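Below is one structure, written out as structure tokens, with a few remarks after it.
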Amino acid sequence: MLFQKKLHRVVNPEEAEQRFEERMEGQELEKNDRLAMILAGLIVFVPAMLLIIGVFLLGIWFFFGRFL
């Protein structure tokens, strides 16, 4: 099957979580890793949210505002 690993993770989430915890057991976060993860999340999610808000505003303008 093409996506056997992903299917196995979805079907057995407890086992996948346990394997992940075992792999990450010896890993320690460095000084600025948390800040880097937050900034990466903002870089990904803020433009997506702005795009979604823009689509909603364009729809509202199209249905209600262009006749004013």
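No experiment lies behind these values; they were computed from the predicted model shown. Computed over heavy atoms, backbone and side chain alike; hydrogens, waters and symmetry mates excluded.
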* State the CD-CG distance between Glu14 and Asn12, to the nearest 0.5 angstrom. => 7.5 Å
* **Linked, directly or transitively: Ile38 and Val46 (ILVMFWY side chains, under 4.5 Å)** => yes
Side-chain atoms of residues 15-22: list all donor-acceptor pairs with protein atoms under 3.5 Å, sequence neighbours left out, distances to 0.1 Å.
unit_1	atom_1	unit_2	atom_2	d
Glu15	OE2	His8	NE2	3.3
Glu15	OE2	Arg19	NH1	3.2

* Pairing residues for Leu51 by the side chain to side chain contact (heavy atoms under 4.5 Å, CB included) criterion, not counting sequence neighbours -> none
* **hydrophobic_cluster_shared for Phe64 and Trp61, side chain cutoff 4.5 Å** => yes
* Asked: Are Ile60 and Phe63 connected, step by step, through hydrophobic side chains (Ile, Leu, Val, Met, Phe, Trp, Tyr) whose heavy atoms are closer than 4.5 Å?
  -> yes
* Atom CG in Asp33, atom CD in Glu28: separation rounded to 0.5 Å? -> 10.5 Å
* **Minimum heavy-atom distance between Arg23 and Gln27, given as atom pair plus value** => O-CG, 4.0 Å
